[in-house]
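None of these values were measured; they are calculated from a predicted model. Residue numbers begin at 1 in each chain, while the letters A, B, ... track the order of the sequences. We use all heavy atoms of the structure for the numbers below, so side chains are in, but hydrogens, waters and symmetry mates are not.
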Number of protein chains: 2
Amino acid sequence: MNDDTPWLSPREQRSWRAFVRLNQKLTARLGSELQSQSKLSGPDFAILVALTDEPSGRLRFQELAKNIDFEQSRLSHQIARMIKRGLVAREECAEDGRGAFVTITEQGVEAIEVAAPLHVAAVRRLLLDAISPEDLDALGDIAARVLRHLETTP
Amino acid sequence: MNDDTPWLSPREQRSWRAFVRLNQKLTARLGSELQSQSKLSGPDFAILVALTDEPSGRLRFQELAKNIDFEQSRLSHQIARMIKRGLVAREECAEDGRGAFVTITEQGVEAIEVAAPLHVAAVRRLLLDAISPEDLDALGDIAARVLRHLETTP
DNA sequence: ACCTGGTCATTGACACATCATGTACCGTCC
DNA sequence: GGACGGTACATGATGTGTCAATGACCAGGT
């Protein structure tokens with residue numbers, strides 16, 4: 001490796017690597033627990049939560065995509081798979097012939113009602129139980145700051 | 001949603017959501033910059049870095065998998081794809097008939113030498129520039145603590 | 001020599017993400 | 001009212017991740 005490259009200092013590297021590793025392991029653990037306990041994937045979960053947050057239990061594709069920060073195409077594929085499994089359904093849109101709603105099905109409601117408490121418990125057990133409330137706040141502050149930074153950086 | 005489920009407090013939820021969102025966005029940004037600047041994916045990068053860290057430029061599958069925390073099968077698939085693109089090569093193992101080495105090719109070396117400084121610069125620009133050194137240390141400490149916690153938690 | 005259990009790696013099937021492209025419909029401007 | 005640019009969503013190709021099953025080999029006991 002070239003020595004004049006702006007490499008990270010050992011101190012920076014330590015934090016950066018720990019952060020990356022944590023992301024990987026935590027998402028992996030949460031994902032696999034979700035999967036084995038409730039037969040839902042992370043994307044499944046995100047979509048069902050977004051739909052149950054809606055009193056009507058349905059959302060336009062656009063809106064849903066924005067709420068959970070999915071690209072349109074990704075959402076389209078994901079919904080197609082979830083329809084096959086009966087978790088959600090499509091519904092044509094009367095006002096706009098192009099558009100469509102995604103609605104949560106009975107089966108979807110049942111699935112998310114099983115999954116949600118288990119998932120919350122896992123988040124608590126795997127992350128929250130490991131750190132103090134102050135640390136959690138600090139983590140949230142830092143994350144929020146970086147997120148703002150990301151929005152204004154090329 | 002059932003009201004007696006152990007939901008997160010608003011305060012907890014704020015930090016948790018920010019953390020999740022940061023992970024998603026940051027990995028997405030880093031991945032796509034890497035891809036467009038150097039034609040390497042995240043997994044490609046991780047593997048090439050691990051191989052160049054080795055003086056011999058080669059590693060057994062097991063060892064490589066452990067170093068970068070990949071499952072065996074994942075690594076096998078990934079290596080197969082990278083061989084097709086000429087970034088690495090496989091080499092039979094004389095001592096152990098089952099095993100094999102992964103070695104980095106000339107082309108792999110070139111690729112990583114282009115990608116590494118760009119990637120480091122991106123990490124700096126997207127994350128390090130957004131927070132103070134103290135915050136970075138704090139982040140690293142928290143991450144390290146959670147990682148230890150994860151190892152001893154079912 | 002031959003099981004036998006464990007280790008090393010591959011493979012196939014499927015879920016997921018992303019990119020580029022396609023199709024149908026909207027609104028508007030002429 | 002017909003062409004046109006833009007919006008909403010779908011689709012296919014390719015790369016990636018995970019699980020379960022498999023093959024190939026090692027080492028140790030009998």
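- The phosphate of dT7(D) (OP1 or OP2) has no side-chain N or O of Gln62(A) nearer than 4.0 angstrom.
- Taking every side-chain heavy atom of Glu71(A) into account, dT18(C) is the closest of dC16(C), dC8(C), dT18(C).
- Using a 4.0 Å heavy-atom criterion, one finds that Ser32(B) contacts no nucleic acid atom at all.
- Among dC26(D), dC25(C), dC16(C), the nucleotide with an atom closest to any side-chain atom of Asp96(A) is dC25(C).
- Spacing between atom CZ of Arg60(B) and atom P of dC8(C) amounts to 7 Å, rounded to whole angstrom units.
- Whole-Å rounding puts the Ile79(B) CD1 to dG17(D) P distance at 12 Å.
- Distance, Glu63(A) CD to dA8(D) C1': 13 Å, rounded to whole Å.
- Each of Pro43(A) and Ser76(B) lies near DNA chain C, and the nucleotide nearest Ser76(B) is the one positioned closer to the 5' end.
- Atom CD of Gln35(B) is separated from atom P of dA17(C) by 16 Å (rounded to the nearest Å).
- Within the 4.0 angstrom heavy-atom criterion, base atoms lie near Gln72(A).
- Here His77(A) packs flat against the base of dT11(D); its ring centre is closer than 5.5 angstrom to the base's six-membered ring, tilted by less than 30 degrees.
- The number of heavy-atom neighbours closer than 6.0 Å to CZ of Arg85(B), taken from other residues, nucleotides and ligands shown, is above 12.
- Closest to the side chain of Phe61(A), out of dA9(C), dT16(D), dA10(D), is dA10(D).
- For the residue pair Gln24(A) / Arg21(A), no side-chain donor-acceptor distance below 3.5 Å is found, with atom types taken as modelled.
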Inset, instruction - In sequence, state the C-alpha distance, the side-chain angles, and the governing distance for Val114(A) and Lys39(A), and then conclude on side-chain contact (heavy atoms from CB on, under 4.5 Å). - result: CA-CA 10 Å; Val114(A) 169; Lys39(A) 310 299 177 196; over 6 Å; no
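- For the pair Asp44(A)/Gln78(A), a side-chain contact is recorded, criterion being any heavy-atom separation below 4.5 Å from C-beta on.
- For the 3.5 Å distance criterion, the side chains of Gln62(A) and Gln72(A) fail to qualify, holding no donor opposite an acceptor.
- Protein atom CZ of Arg74(B) is 14 Å distant from nucleotide atom C1' of dA17(C), rounded to whole Å.
- Of the candidate nucleotides dT16(D), dC16(C), dC25(D), dT16(D) has the atom lying nearest to any side-chain atom of Arg81(B).
- The distance between atom CD of Gln78(B) and atom P of dA17(C), rounded to the nearest whole Å, is 17 Å.
- Ile68(B) has its CD1 atom 13 Å from the C1' atom of dT16(D), to the nearest Å.
- Atom CG in Leu75(B) sits about 11 Å away from atom P in dG17(D), given to the nearest Å.
- DNA chain D is contacted by both Arg98(A) and Ser73(A); Arg98(A) maps to the nucleotide lying nearer its 5′ end (nearest heavy atom per residue).
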